[in-house]
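See structure below.
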Amino acid sequence: MQFTAVNVAKRVSRSTWIPFALARPWALNGTQSTSRAFATTTGARYSRLSDVRRRPYLCVPARSSTSVIQAPQEEKSGVSEQEGDKGALNSMAKPQPVYRKDYKPTPYLIDQVHLTFQLGEEHTTVLSDLHFKPNYQGDSPPEVVLNGRKDLKLQSVKVDGKDVPQEQYEVSEKLLMIRGLPKGPFNLQIETQIKPQDNTSLEGLYKSSGNFCTQCEAEGFRGITYFYDRPDVLAKYTTRIEAPKGPYPVLLSNGNLQASGELSDGRHFATWEDPFPKPCYLFALVAGDLAVSKDSFTTASGRRVDLHIYVQQQNIDRVAYAMQSLKAAMKWDEDVFGLEYDLDLFNIVAVDDFNMGAMENKSLNIFNSRLVLASPATATDDDFARIEGVVAHEYFHNWTGNRVTCRDWFQLTLKEGLTVFRDQEFSADMRSRGVKRVDDASALRRAQFPEDAGAFAHPIRPEEYTRMDNFYSLTVYEKGAEVVRLYQTLLGQAGFRKGMDLYFKRHDGTAVTCDDFRAAMADANDVDLSALGTWYQQAGTPAVKVSTSYNASARTYTVKASQSTPATPGQSHKDPVLIPLAVGLLGKSGQPLALHLQGSKANGSAGDSAVLRLEKASQEFVFTEVPEEPVPSLCRNFSAPIKLEVEGQTEDDLIFLVKHDTDPFARWDAAQRLGQALMIQLYAAAADTSKNGSSSLAERCSAAGGVKQSLVDAFRAVLQDKALDGAMAAALLTLPGPTELQAMIHHADPVTLHEVRKYVVKELAQQLRPDLEAAVKRNDLPASEEYSPDAAQAAKRVLKNKCLGFLAALGEPAVYSMLLQRFRDASNMTDEIAALAALTECPCKERETGLSEFYQKWKDENLVVLKWLALQAASNVSGNLAAVQELQQHPAFNIKNPNNCYSLFLPFVRSPVNFHAGDGSGYRFLADSILTVDKINSQVAARMASPFTQLKQFDSERQTIMKQQAQRVADTEGLSENVFEVVQKSLKD
Ligand code: PHE
Ligand code: ZN
């Protein structure tokens with residue numbers, strides 16, 4: 001296969017704009033638990049738990065990969081680095097990276113797990129009965145080394161029912177080691193005690209709103225009992241739950257309910273059996289007082305599946321949309337991938353305290369309540385779209401993640417990249433394909449590109465990690481999804497489907513690698529896809545330069561493309577990657593030209609796009625029979641996650657593309673490029689105070705030409721185009737954001753950059769006022785029409801609210817009171833919050849009125865209060881830090897709840913004015929907050945620390961003060977491994 005011509009944006013319907021934020025479950029993680037791969041030594045001296053004291057490891061630099069390598073296979077026993085932190089037993093706990101290359105299977109397999117939970121308010125007892133099977137060579141049984149956590153209290157260890165003598169086992173904060181095991185299979189019985197009520201890490205078994213729940217991915221199961229806590233040990237589970245019936249009437253676990261009944265003392269029990277072998281990270285348990293909403297789905301083969309969504313009683317009227325989304329997802333997976341659900345019951349449980357978005361535990365998905373609960377009054381259009389996407393995402397994991405799982409955590413993108421790709425395609429089919437693609441591409445650029453260019457840059461399949469939790473990243477998820485999309489772009493939809501079918505046929509019920517996925521795709525289509533391998537190894541966003549030339553007499557059009565990937569930390573050399581570059585050519589009047597690509601089998605075939613296969617550092621492609629000099633439309637449908645530079649592309653070309661390009665992404669991208677060029681130019685003028693130091697920023701900008709008429713005209717055309725989908729129009733009217741601009745202007749001052757952007761918005765608002773006002777009117781929902789979160793209605797709202805945002809920038813009292821009125825009159829949360837958001841950026845009395853009325857109205861609704869926190873925290877009103885600090889003390893704010901932290905600290909960081917305040921107060925506040933949160937929940941704290949990985953982007957003064965704060969965090973005694981890994985990388989030169 002050489003060139004494929006595909007129509008890259010086929011199914012276009014309608015949609016809504018879904019911003020990125022926390023849509024994905026990619027929060028970070030943390031407990032004080034382990035990191036694996038201590039170099040193993042033979043004859044290690046094991047100490048009792050009391051002998052092993054954790055030492056602040058912070059002064060110890062992470063070891064280089066070579067220093068961890070030991071004489072290979074030195075361990076006679078067959079114990080490997082990957083099977084447990086055996087080293088932690090005899091060395092002090094220093095954070096040690098684990099390496100992908102060190103993978104070894106465990107010396108035993110566990111194929112049956114029987115768990116009994118005796119849940120209690122004081123403590124919970126966990127009885128674990130494990131069936132071990134030899135997986136080692138030779139006939140002397142090696143030790144069993146299981147993962148644990150320091151809050152596990154070991155009560156007893158038995159082998160085949162007999163107590164293991166004390167001298168035959170050792171236990172530390174992170175491990176349980178047992179030796180002297182019998183030959184052949186045996187049963188190991190372990191009793192542990194835990195205190196879920198004290199578990200603030202929200203990993204393992206914990207309590208949320210009075211209910212018990214679990215979170216085991218990635219390494220939380222070791223907080224429940226000692227186990228091979230790694231994804232390649234697959235077992236069948238039965239789970240018996242015993243609890244007081246009064247407070248915990250609902251008892252749930254994976255699989256099918258086998259038995260339930262009463263016990264003495266007002267207790268009851270339920271026994272669940274999961275017939276599918278699974279890794280322990282997919283284990284789940286829920287016990288509590290929950291209301292349930294029931295529905296069912298009949299599969300293509302006619303099986304009835306019961307669908308249950310459990311929530312707190314007061315939320316039972318807010319689950320309909322999640323249920324509808326679940327059914328749509330089940331149907332879609334049958335239609336598009338031929339994948340049916342495999343059990344008779346599918347449960348979703350919503351909990352308020354959750355580190356991430358949601359979790360795909362087998363048949364018992366657990367969700368952050370913000371991704372389940374929705375009503376028009378309390379949820380925005382974006383919330384609805386996110387719920388639809390995430391419910392589908394978790395459901396899709398049943399095949400991509402659960403039935404076929406990951407061999408080790410380095411392969412995380414195998415399940416996440418693929419499942420994100422699947423949820424993107426699902427949402428594209430439910431809503432507008434074009435807008436969805438723009439949305440995803442835009443989010444990738446805004447958030448993942450900086451990650452790929454910063455101190456934490458890593459390949460989608462990392463080579464090493466210290467805390468796996470830190471690698472639930474935009475790179476693994478979102479760039480990973482783009483890499484999966486490369487297969488589909490190269491193979492076409494039918495070829496991709498063939499590859500998926502073979503992948504399941506080969507690997508169902510097993511734990512595999514990204515290479516296995518690529519092999520299935522290649523073999524099913526009989527093509528060589530080895531060139532895609534580099535995408536898994538290299539960090540950094542490839543930069544592609546394109547230049548074009550037209551030969552009128554030969555009627556040929558030549559596209560020259562070259563690529564390079566910038567160096568990233570620890571990876572200076574980069575190879576070229578395989579980049580499918582989708583291209584269309586537009587003639588003078590905007591019409592698509594027929595494509596004839598020299599030397600291509602795909603010559604002249606389908607559609608008006610061709611996919612160029614760029615795989616060398618530099619290549620030339622020649623189109624023949626080109627009747628006139630075309631305007632090229634490049635990287636259509638965002639065919640690869642690259643940064644594209646088009647030599648000689650003029651402003652006229654871009655305006656032409658905004659007008660005529662039929663590819664939604666390329667059209668949007670052209671508008672972005674216009675905005676970028678303008679703001680880069682104005683920033684230079686604004687930052688240069690040498691000529692007229694006393695002038696205002698606005699004066700310097702307008703002296704430099706201000707906002708060009710051509711851009712105003714292009715925006716006006718969008719506003720006046722009544723046929724255009726509102727969500728697409730809103731996207732076209734969205735100027736490039738601060739993070740993208742920051743990356744384009746070397747060491748820019750973020751506050752000046754923000755002011756320039758504000759200047760541009762205000763200029764546009766002034767010049768477009770009548771069109772903005774008309775668009776608002778045109779898109780207001782008639783009073784007679786009822787709210788619906790569907791894409792068509794949402795598209796009107798997103799455009800209307802975009803226009804209101806522009807109008808707010810005018811700074812006029814009349815506009816402020818109009819916004820306050822709209823806020824008060826709003827019939828749904830989307831409009832209510834949009835009007836308030838516009839006001840929140842303006843220092844006016846309506847801002848305060850609106851914020852306080854909103855709080856009074858919604859103070860009893862947790863999820864709505866989160867929006868209130870986030871709006872204020874992100875505000876660029878100057879001196880807003882004080883307000884944010886006050887919010888931290890507000891009765892509505894609960895620092896133990898991850899959503900609260902995500903809604904206060906993360907939005908604050910997005911305020912250029914206040915986070916990047918020149919006096920360093922914003923950075924200091926962040927550092928203080930990280931340290932406070934770290935003591936409660938280190939996953940959340942590590943996520944908060946990620947802005948430090950970007951510090952090199954800023955001007956040198958800011959770099960200095962940011963570094964000081966990162967250093968202060970790094971030097972703090974008792975810091976978690978999670979936060980340490982992030983700040984330590986940020987501080988490396
Ligand atoms: N696996 C979850 C998802 O992407 C995310 C997650 C990871 C949730 C770790 C909790 C803990 O669907
Ligand atoms: Zn996922």
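Numbers here are sequence positions counted from 1. One-based numbering, in listed order, for ligands and for the atoms of each.
Within the structure, the closest approach of Lys415 to ligand 1 falls below 4.0 Å when heavy atoms are considered.
Phe449 is linked by a ring-ring contact (aromatic ring centres under 6.0 Å, His included) to nothing, counting only residues two or more places apart in sequence or in another chain.
Relative ring orientation between His393 and Tyr477 is described as parallel, the plane-to-plane angle staying below 30° on a 0-90° scale split at 30° and 60°.
Under the 4.0 Å criterion applied to side-chain N and carboxylate O atoms, Glu219 and Arg222 are assigned as salt-bridge partners. Using a 4.0 Å cut-off between charged nitrogen and carboxylate oxygen, Arg497 and Asp501 count as a salt-bridge pair. Electrostatic pairing of Arg431 and Asp439 does not count as a salt bridge here, judged by no charged N lying under 4.0 Å from a carboxylate O. Ionic pairing of Asp515 and Arg461 is present here: one or more N-O contacts between side-chain nitrogen and carboxylate oxygen are shorter than 4.0 angstrom. By the 4.0 Å N-to-carboxylate-O rule, Glu217 lies close enough to Lys415 to be salt-bridged with it.
Of the heavy atoms in Glu217, both backbone and side-chain atoms come closer than 4.0 Å to ligand 1.
Within ligand 1, the atoms closer than 4.0 Å to a non-hydrogen atom of Glu394 are 3 (C), 12 (O), numbered from 1 in the order shown. The ligand atoms of ligand 1 that sit less than 4.0 angstrom from a heavy atom of Ala358 are 2 (C), 3 (C), 5 (C), 6 (C), 8 (C), 12 (O). Of all atoms in ligand 1, numbered sequentially from 1 with element shown, those under 4.0 Å from a heavy atom of His397 are 3 (C), 4 (O), 12 (O). Ligand-side atoms of ligand 1 in range of Glu360: 1 (N), 2 (C), 3 (C), 12 (O), range being under 4.0 angstrom from any heavy atom.
When the Zn ion (ligand 2) is compared with the N/O/S atoms of His397, atom NE2 turns out nearest. Counting just the N/O/S atoms of Glu416, the one with the shortest distance to the Zn ion (ligand 2) is named OE1.
Residue contacts to the Zn ion (ligand 2): Glu360 brings no N, O or S atom closer than 2.8 Å.
At least one N or O atom of Tyr477, backbone or side chain, sits closer than 3.5 Å to an N or O atom of ligand 1.
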